[in-house]
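To start, the structure under review is shown below, and the notes come after it.
Because only heavy atoms are used, hydrogens play no part in the values below, and waters and symmetry mates are left out as well, while side chains stay in.
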Amino acid sequence: MVCKAFWRKYENLIGTGLLLLVLLVFTSVRYDYYFDLNDDVLMKDILAGVYTGEPESRNIQMIWPVSAFLSLLYRMGRGLPWYGIFLCLCHFGSIALIVHRSLCLCRRIPGKALLLAGEGVLLGGLLLPHLVSVQYTVTSALLASAAAFLFMTTDAAEPGDFIRKNVITVFLAVLAYLVRPWMLLLLLPLICAAGLIRWSGEEKIFARENWIKYLAVIGAVLAGIGLGQLCHQIAYGSAEWKTFLEYFNNRTELYDFQTLPEYEKHRDFYEREGLKQSEWELLDNYNFGLDPAIDEKLLGAVAEYAAANRSERKPFMQKLRESLGQYYRRMVYPPWRNESDFPWSWLVIFSYLAALVTAVPAQRKRPALCFFQAALRLLFLLMVRTVLWIWLIYRDRVPVRISHSMYLMELGILLGLVLVQCARLWRGAADRRRLLPAGIGIVYALAGFLILPRAIEAADTDVAAKAAANIRYERLYSCLGSGQRRENFYFIDVYSSVAYTEKLFVNVDNSLDNYDIMGGWVCKSPLWHKKLGVFGITDVQEALAERDDVFYVQEVGADAGWLQRYYGECGSEVQIHLTEMVEDEFEIYRISRK
């Protein structure tokens, strides 16, 4: 009896723990966890002290409170992989909250077992590649989608109870903003749509208690975001950081959303801005850290000109029609067609249908009205998501980490709605009518079983590619940090370094690196100047040409002629000496004035 009572009390926690254990064991035994991009590696390096020699509280990409917290952890335990631990906790914690809430909506053991199995394969099929190769943009989206799911499935009528049960929801939404503010702001219209859908499902929409319930939760999220942003503004309030953030935003606009105009075709503009062709080459090959004249104003002017030139090249209506066509293809095309977002898009389409058909009341009370109201709510959500997608496609900014994040949020809303409606149907309907929620659950489970092998294959391929690409970089960085070379400093060509990433928990080394890329998003920041100051470098251009312990590195086959052209147009003839080869893969050069 005691055992049975214990099981009944903790069955949902036990079920959640078992699913997480299976997921953790599978991913840990089969794979090494990797940072998906070198952006995450650099963020980790800043927080861990690899970049400047001591853990930094400002990693530029995150909102200050969370980066300050991670920096504090590194100060307390410098040798531990805190950033990787944090991202994995966010991922698996979000999954645990979703699974536990789902089990709470199911009353019988057989149903819980089937739900657990279905969610396990579905979540594994959708998320496995992102759990193995982690990226903070997806982390933010997963936190936000968990918050949306918890909000949509909150079972409480009284304001106090509703607010208390949504404390975790508020925490997840605010944390998602702190981790990746741009991603949360992009998802915010979907979050607001979810709030309106949930609110409009109340029997007395404009009752006082409903105003208290929903405005309190919305207000708490906005207050948390506002407080985090205020702390961020204070932390980055110095003149140096403000100047850099303007530079950072202009650089992001130019490289992420525009295309750098060619020099010859737009020579008049560049000469008007005082940019020589050799300096344009630095913008083209991303090694703009070499030139102190490339500042926030110049980048802003080039980005603005690129945007204007782009709109002239392709009229608005033509671009809009192309965006609508791509949006349609991404949603409905099968997996063997280009541009298809299968299986995400098909799961979203099925979830809209499931949310519509399960909106019928359990006791057949006014079914036509219920269907009409449900259709209006879903149409509203569909319109919001369509506008967001068209905007992203129009801006040519839909990498996988963003597209999957968008789908994650939408599925969090829809699956929460479907699960609540299915639970209501199951409790209030006769056995015959329970076939509908049971059938929908079976479809989701079958979808999970079908896409899981594809997800395993994708994760296998991605991890193998990362491991193969990293071999050459590991040789290079080991060489640069060995023996007497440790006293030197090396500037690495940006495009010769972009394929590198790291494992989260293997070979953790948080000691100071004696190299840096010559461009990138941290270039010309106070952190960049601090790092160079550790090695006595105040001017990159002068240090490369004058010092015997400062070198330039590029992969074999890359053209180093741009260096001579740049120094030549600056009025200084230089010689480039190949001093060393690393495994016939990288070249190390010494630059000297003639």
Side-chain angles (χ1 to χ4, degrees), residues 1-33 80-82 84-134 138-139 141-155 164-173 175-176 408 411-412 415-416 418-420 422-423 426 441 444-445 447-449 451-452 455-456 459 504-505:
M1 291 296 292
V2 174
C3 183
K4 184 176 181 180
F6 178 85
W7 171 260
R8 292 300 299 174
K9 184 176 181 181
Y10 297 106
E11 60 188 11
N12 295 333
L13 285 174
I14 294 171
T16 302
L18 286 175
L19 189 147
L20 280 185
L21 182 62
V22 170
L23 199 55
L24 279 168
V25 169
F26 178 78
T27 54
S28 300
V29 171
R30 189 179 181 92
Y31 306 103
D32 286 318
Y33 294 98
L80 295 174
W82 290 112
I85 293 172
F86 170 75
L87 293 180
C88 287
L89 280 175
C90 289
H91 291 175
F92 290 101
S94 297
I95 292 173
L97 289 169
I98 291 171
V99 172
H100 183 265
R101 176 60 61 83
S102 302
L103 294 175
C104 289
L105 294 172
C106 187
R107 293 184 176 180
R108 297 184 178 182
I109 297 297
K112 290 179 187 289
L114 290 174
L115 181 62
L116 204 60
E119 284 192 322
V121 293
L122 185 61
L123 290 171
L126 292 174
L127 296 177
L128 181 62
H130 297 297
L131 297 178
V132 174
S133 294
V134 303
V138 179
T139 303
L142 187 52
L143 290 166
S145 62
F149 182 87
L150 294 180
F151 179 77
M152 296 299 293
T153 55
T154 301
D155 182 19
R164 185 177 66 256
K165 288 185 176 181
N166 276 294
V167 169
I168 296 179
T169 302
V170 172
F171 173 77
L172 292 174
L175 183 59
L408 268 176
L411 282 172
L415 290 177
V418 170
L419 195 58
V420 168
C422 284
W426 189 271
Y444 278 119
F449 278 110
I451 66 178
L452 184 57
I456 293 174
L504 270 66
F505 306 122

Search all heavy atoms of [X] against all heavy atoms of [Y] and return the closest pair with its distance.
X	Y	answer
C104	N12	SG-ND2, 3.6 Å
C88	F505	SG-CZ, 3.8 Å
G84	L504	CA-CD2, 3.5 Å

Considering only distance and modelled atom types, tabulate donor-acceptor pairs under 3.5 Å from the side chains of residues 116-132, sequence neighbours left out.
unit_1, atom_1, unit_2, atom_2, d
E119, OE2, S102, OG, 2.6
H130, NE2, H404, ND1, 2.8

For the [atom1] atom of [X] and the [atom2] atom of [Y], what is their distance to the nearest 0.5 Å?
X	Y	atom1	atom2	result
L415	M152	CG	CE	10.5 Å
T16	I98	OG1	CD1	11.0 Å
I85	Y33	CD1	OH	12.0 Å
I95	C90	CD1	SG	11.5 Å
D155	R101	CG	CZ	8.5 Å

**Message:** One pair to check against side-chain contact (heavy atoms from CB on, under 4.5 Å): L150 and K165. What are the steps and the verdict?
**Reply:** CA-CA 9 Å; L150 294 180; K165 288 185 176 181; over 6 Å; no
**Message:** Restricting to side chain to side chain contact (heavy atoms under 4.5 Å, CB included), what partner residues turn up for C106, sequence neighbours left out?
**Reply:** K112, L115
**Request:** Return yes when atom CZ of F171 has more than 12 non-hydrogen atoms of other residues, nucleotides or ligands closer than 6.0 Å, and no otherwise.
**Result:** no
**Asked** Just wondering, are more than 12 heavy atoms of other shown residues or ligands nearer than 6.0 Å to CD1 in I168?
**Response** no
Side chains of [X] and [Y]: does their closest heavy-atom pair fall under 4.5 Å?
X	Y	value
V134	V138	no
V418	Y444	yes
V99	L20	no

**Prompt:** Hey, mind stepping through F26 and I456 against side-chain contact (heavy atoms from CB on, under 4.5 Å) and telling me if it holds?
**Reply:** CA-CA 10 Å; F26 178 78; I456 293 174; 3.9 Å; yes
**Request:** Could you walk me through whether F149 and L97 pass side-chain contact (heavy atoms from CB on, under 4.5 Å), step by step?
**Result:** CA-CA 9 Å; F149 182 87; L97 289 169; over 6 Å; no
**Asked** Is it true that a side-chain atom of S28 and a backbone atom of V25 form a donor plus acceptor pair closer than 3.5 Å?
**Response** no
